[in-house]
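Before any comments, here is the structure.
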Amino acid sequence: MARKFGMALGFLAAGMAGAAAQGWQPTKPIEFVVTSSPGGGTDNFTRMIQSIILKYKLIDQPIVVSNKGGGSGAEGYLVSKTSAGDPYKVIFGTNNAYLLPYVAKLGYKFSDLTPVAALALDEFLLWVKADAPYKTAKDYVEAVKAKPETYKMGGSQSKDTDQTLTSILSTATGAKFIYVPFQGGGAVGTQLAGGHINSHTNNPNESIGQWKAGQVRPLCVFSPTRLPAGPKVTETQGWADIPTCKESGIPVERFQMPRTVWLPAGTPAGAVQFYEGILKKVSETPEWQEYITRTVQTGQFLSGDSLKAFVANDDKLSREVFEREGWIVK
Amino acid sequence: MDGFSGLLHGFGVALTWYHVMLMVIGVLLGILVGVLPGLGAPNGVSLLLPLTFTMDPVSAIILLTSMYWGALFGGSTTSILFNIPGEPSSVATTFDGYPMAQNGRATEALSFAFLSAGFGAIVGVLLITALSGWVTQFALKFSSPEFFGVYFLAFASFVGLSGAPPLKAAVSIALGFSLAAVGMDSVSGSLRLTFGYDVLLAGISFLVAVIGLFGIGELILTIEDGLKLDGIRAKITPRDVLRTAAQMPKHWATLLRSSIVGCWMGITPGGPTAASFMSYGLAKRFSAYRANFGKGEPDGVIAPETADHSAGTSAMLPMMALGLPGSATAAVMLGGLMIWGLNPGPMLFVERPDFVWGLIASMYLGNVVAVVLVLATVPLFASILRIPFAIIGPLIVVVCFIGAYTIAGRPFDLWLALAFGILGYVFKKLDYPIAPLILAMVIGDKAEDAFRQSMIMSKGSLSIFWSNPLVTSLMLLGLVLLFWPLLGALRQRLRAARS
Amino acid sequence: MIARWQAELGMAAFLAVIGVITIIGAREYGVGWSPSGPEPGAFPFYMGIIVLLASLANALRALVAGLRPALWSEQAFLKPEQMRLVLGFTLPILGLVVASLMLGLYVGMALYLFGTLVLQNRYPVLKASLIALATPVLAYFLIERVFKVAMLKGPLEAWLGL
């Protein structure tokens with residue numbers, strides 16, 4: 001009896017809130033679909049957002065997080081197809097949302113997704129072993145060019161961001177690497193620290209521990225500007241001391257991975273606006289800023305047309321690489 | 001800070017009422033998660049993760065690791081009582097634990113499992129305490145060829161033991177490897193064996209296979225016998241538990257060997273599941289009662305449990321020191337570490353000794369708390385066996401399907417669980433061995449990846465597998481173990497010829 | 001009655017088909033040895049071949065045993081009364097899967113429990129209904145409330161707004 005009464009009150013409250021906000025409001029639990037396994041970068045991203053929403057009570061309804069990381073995340077994006085039009089499935093991912101369908105025969109198309117927002121850009125750096133003789137990225141690339149296909153570049157997964165970046169680097173400089181795919185950034189980092197590979201392009205967050213310990217060393221960052229200055233990571237250097245790759249004479253200006261949020265296609269426009277508003281609020285909290293700083297990502301809120309433009313540009317860039325490498329399936 | 005003074009400092013951090021309370025809560029939640037098949041430790045830990053964002057990192061990791069210990073213990077409970085492994089790493093515990101329970105020795109089997117698990121865990125932590133510096137240096141020597149060597153070794157020490165017809169064992173192993181290959185291939189990025197079906201995209205979860213092959217398959221077998229399992233009227237008293245404890249020293253050889261296997265697999269890291277299989281295989285190989293294995297031999301419970309827990313605990317070291325998760329649960333904790341603002345790596349030991357040593361100290365305490373709590377639940381769980389089969393049978397079926405669905409939230413897995421259940425039933429009746437199939441599903445993917453990564457590194461030359469002393473000795477040891485049964489037969493023939 | 005050799009033959013044939021399917025699937029990606037090691041299809045290809053060949057050998061053995069009524073072939077795989085028991089247990093599970101996929105797991109398990117307890121095990125209706133209702137409710141609170149994992153739901157849950 002009491003429960004029934006409570007439920008009735010809940011409906012009433014939800015109805016009133018909906019009327020007050022003049023827009024779409026959730027009336028049942030929401031599922032956050034994570035396109036990586038527990039512990040992955042996208043998982044951390046999603047759970048961070050979930051905890052901020054909980055803390056500030058931004059959504060009245062409970063949120064359930066489910067990991068669907070199978071097939072490099074394709075399993076999660078497939079939800080957009082199986083739950084078309086369902087505004088209670090929010091999908092969290094990266095740029096593989098629109099890149100995966102190129103390289104694998106999948107049951108969803110990019111058009112099955114409705115873009116909501118991108119909240120951050122993860123950076124890529126070129127790392128070598130700490131005791132390697134190369135002072136700059138240019139030195140290293142020259143060494144690779146002198147002996148093509150002997151230097152090993154590690155990365156996580158195949159036909160994903162790391163291999164794409166390696167391909168871009170090869171085309172831009174003429175340096176030919178052997179690309180070795182591993183399971184994830186952590187494994188790649190250990191392989192470099194142990195001297196089994198010569199370099200990798202990990203995100204800052206994946207290799208900060210080993211940089212601190214003096215096992216690996218960043219040569220340059222694939223970003224148009226240097227990373228923001230923070231506390232020093234090693235005794236002498238901080239993130240801002242790393243030159244951009246362009247400064248170091250490597251003609252690759254920018255390579256960043258957006259952390260993105262999607263809804264299935266056919267969801268009401270009001271729902272898209274609702275989540276966009278929530279995520280905007282999330283991105284303005286001190287907790288979010290703290291997360292961005294700690295993981296050395298670039299905080300940038302993209303939605304609507306700015307997001308569409310970013311996606312179009314990134315899509316074009318990656319597509320060129322995929323075509324050149326012959327990765328596109330059909 | 002070296003081992004001993006670090007540890008003392010750590011106990012100072014971990015031994016507060018608040019932290020002991022967190023351990024108790026964590027262990028209890030863990031037992032619950034562990035008992036339910038499908039809802040495993042990685043799930044449980046990731047569900048608690050958001051709650052820890054506002055906690056102090058030391059308290060947070062104590063809560064999460066305690067939950068992990070609880071889940072490891074809980075997983076063995078269902079393995080022994082119902083032949084359904086609550087956790088992937090407790091699959092090998094079913095081989096002898098379940099027969100023991102059926103023979104009316106449930107309390108004994110559970111007590112053996114928990115005590116040896118506790119022993120394994122303590123050995124794992126001791127290793128971390130004493131050798132943290134050296135071990136991390138050692139682990140850095142591992143690259144893809146060495147990983148392949150580790151998997152090869154684990155595989156070689158287990159196969160060839162089942163006593164099943166060789167042709168059927170071959171089918172079982174090859175089928176397991178084929179099933180492991182379904183889905184995204186991480187080396188080439190292509191989708192294999194999916195035939196365009198999206199449901200196969202994420203591969204075939206070996207947990208679903210385990211739930212079907214063991215849980216449902218076993219139920220059908222029970223039904224077929226017309227056995228109205230009216231429950232086992234074993235009286236459970238604390239005396240039984242104590243009596244089992246008194247027997248533990250007799251099994252010192254198994255305990256020691258299994259701890260070494262477990263620590264080895266935790267650090268390299270081959271993972272707790274492979275460790276428990278490998279340890280079971282070795283125990284059987286070296287046992288004087290080889291014929292009793294699979295029929296309820298205590299060593300067959302002690303070996304996998306000890307190895308499972310020493311692997312689970314020692315895997316914390318590569319996680320903290322190298323950022324390399326040795327198990328699925330460690331991967332989730334690694335994510336937690338980053339969220340709490342800690343950077344895994346060798347410097348973690350220097351920068352945050354309170355965290356590292358607090359965690360290590362809590363691992364001693366947490367495992368003791370877990371053994372006590374889980375032993376206290378033995379009578380409760382053993383009493384479930386007394387419920388008539390007419391009720392408990394359908395309830396186990398329901399739990400199996402809930403488990404199959406919660407693993408990944410895929411409706412298709414319900415079909416898979418049913419199919420594997422029927423397959424398991426027929427396999428058992430026709431003497432096809434099931435355990436090698438599971439082991440092949442567990443390590444198949446990783447072993448294949450490691451092999452192909454090695455080939456990419458060496459540009460297709462197999463010589464990489466004897467390119468340095470480490471990988472050479474791994475491969476040699478694996479080959480010796482693989483051909484051990486043959487060698488034994490040869491020796492016997494020689495001896496016969498001589499006399 | 002199903003004889004042992006018949007069951008052996010059936011299983012071997014089934015596994016041989018699985019082997020063939022694996023081989024066909026693996027051939028899609030190349031099964032050779034490229035300059036950078038085995039191609040993606042190579043490993044499953046050879047595993048498929050092992051399954052196929054070993055199963056053919058097993059089938060042959062079963063046939064030989066079937067033609068020559070020896071000890072092995074006379075063994076029963078399933079006696080009629082066993083068959084009845086096994087089907088009586090397995091078919092309701094099939095029902096559980098189908099019902100769960102259509103109506104959600106909670107409704108599916110309630111129907112399954114009620115059905116097996118009352119129809120098969122002759123439990124009193126009241127007691128069976130209690131178990132059939134209590135189980136999904138307990139499962140709901142444990143799984144969705146405590147552990148916050150989404151369960152397979154159907155029209156009933158949608159109607160209740162859960």
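Just so we're clear, the structure is a prediction, and the values are computed from it rather than from any experiment.
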Max heavy-atom pair count under 4.5 Å with chain C, selected residue of S188(B), S178(B), A181(B)
S178(B)
Donor-acceptor pair, Y432(B) side chain versus P165(B) backbone, under 3.5 Å?
no
Any side-chain heavy-atom pair from N58(C) and K168(B) closer than 4.5 angstrom?
yes
Would you mind checking which part of L462(B) comes under 4.5 Å of any heavy atom in chain C, side chain (CB onward), backbone (N, CA, C, O), both or neither?
side chain
Best-contacting candidate, G37(C), G25(C), P40(C), against chain B by heavy atom pairs under 4.5 angstrom
P40(C)
Quick one: what part of T116(C) sits under 4.5 Å from any heavy atom of chain B, side chain, backbone, both or neither?
side chain
Part of V171(B) lying under 4.5 Å from any heavy atom of chain C
both
Less than 4.5 Å to any heavy atom of chain B: does that hold for the side chain of T135(C), its backbone, both, or neither?
side chain
Heavy-atom distance under 4.5 Å to chain B: side chain of L152(C), backbone, both or neither?
both
With only heavy atoms counted, which part of F401(B) is less than 4.5 Å from chain C, the side chain, the backbone, both or neither?
both
Indicate yes or no: at least one non-hydrogen side-chain atom of V98(C) is less than 4.5 angstrom from one of W415(B).
yes
I'd like to verify something: which residue of L101(C), L105(C), I50(C) has the highest number of heavy-atom pairs under 4.5 Å with chain B?
L101(C)
Run the numbers on L179(B) and F420(B) for side-chain contact (heavy atoms from CB on, under 4.5 Å), then give the verdict.
CA-CA 12 Å; L179(B) 289 171; F420(B) 275 111; 3.9 Å; yes
So do the side chains of M109(C) and V397(B) get within less than 4.5 Å of each other, counting heavy atoms only?
no
For each of S461(B), G460(B), A440(B), tally heavy-atom pairs with chain C at distances under 4.5 Å, and name the one with the top tally.
G460(B)
Just so I understand: if I count every heavy-atom pair under 4.5 Å between each of Q82(C), R84(C), E39(C) and chain B, which residue has the most?
Q82(C)
Does a side-chain heavy-atom distance below 4.5 Å link Y425(B) with T90(C)?
no
In terms of heavy-atom pairs under 4.5 Å with chain B, the winner among L52(C), I21(C), I18(C) is I21(C)
Is it the side chain or the backbone of L48(B) that comes within 4.5 Å of chain C heavy atoms, both, or neither?
neither
Could you look at F77(C) and say if it's the side chain, the backbone, both or neither that has a heavy atom under 4.5 Å from chain B?
both
Contact part of F177(B) toward chain C, heavy-atom cut-off under 4.5 Å: side chain, backbone, both or neither?
both
Most contact-rich option vs chain C, by heavy-atom pairs under 4.5 angstrom, among G444(B), S190(B), S458(B), S454(B), is S190(B)
Any side-chain donor-acceptor pair under 3.5 Å between E144(C) and Y106(C)?
yes
Most heavy-atom pairs under 4.5 Å with chain C, out of Q453(B), M457(B), E448(B), belong to E448(B)
Does any heavy atom of chain B fall under 4.5 Å from the side chain of F14(C), the backbone, both, or neither of them?
side chain
Would you mind checking which part of L418(B) comes under 4.5 Å of any heavy atom in chain C, side chain (CB onward), backbone (N, CA, C, O), both or neither?
side chain
Does any heavy atom of chain B fall under 4.5 Å from the side chain of P38(C), the backbone, both, or neither of them?
both
At a heavy-atom separation under 4.5 Å, does A150(C) approach chain B through its side chain, its backbone, both, or neither?
backbone
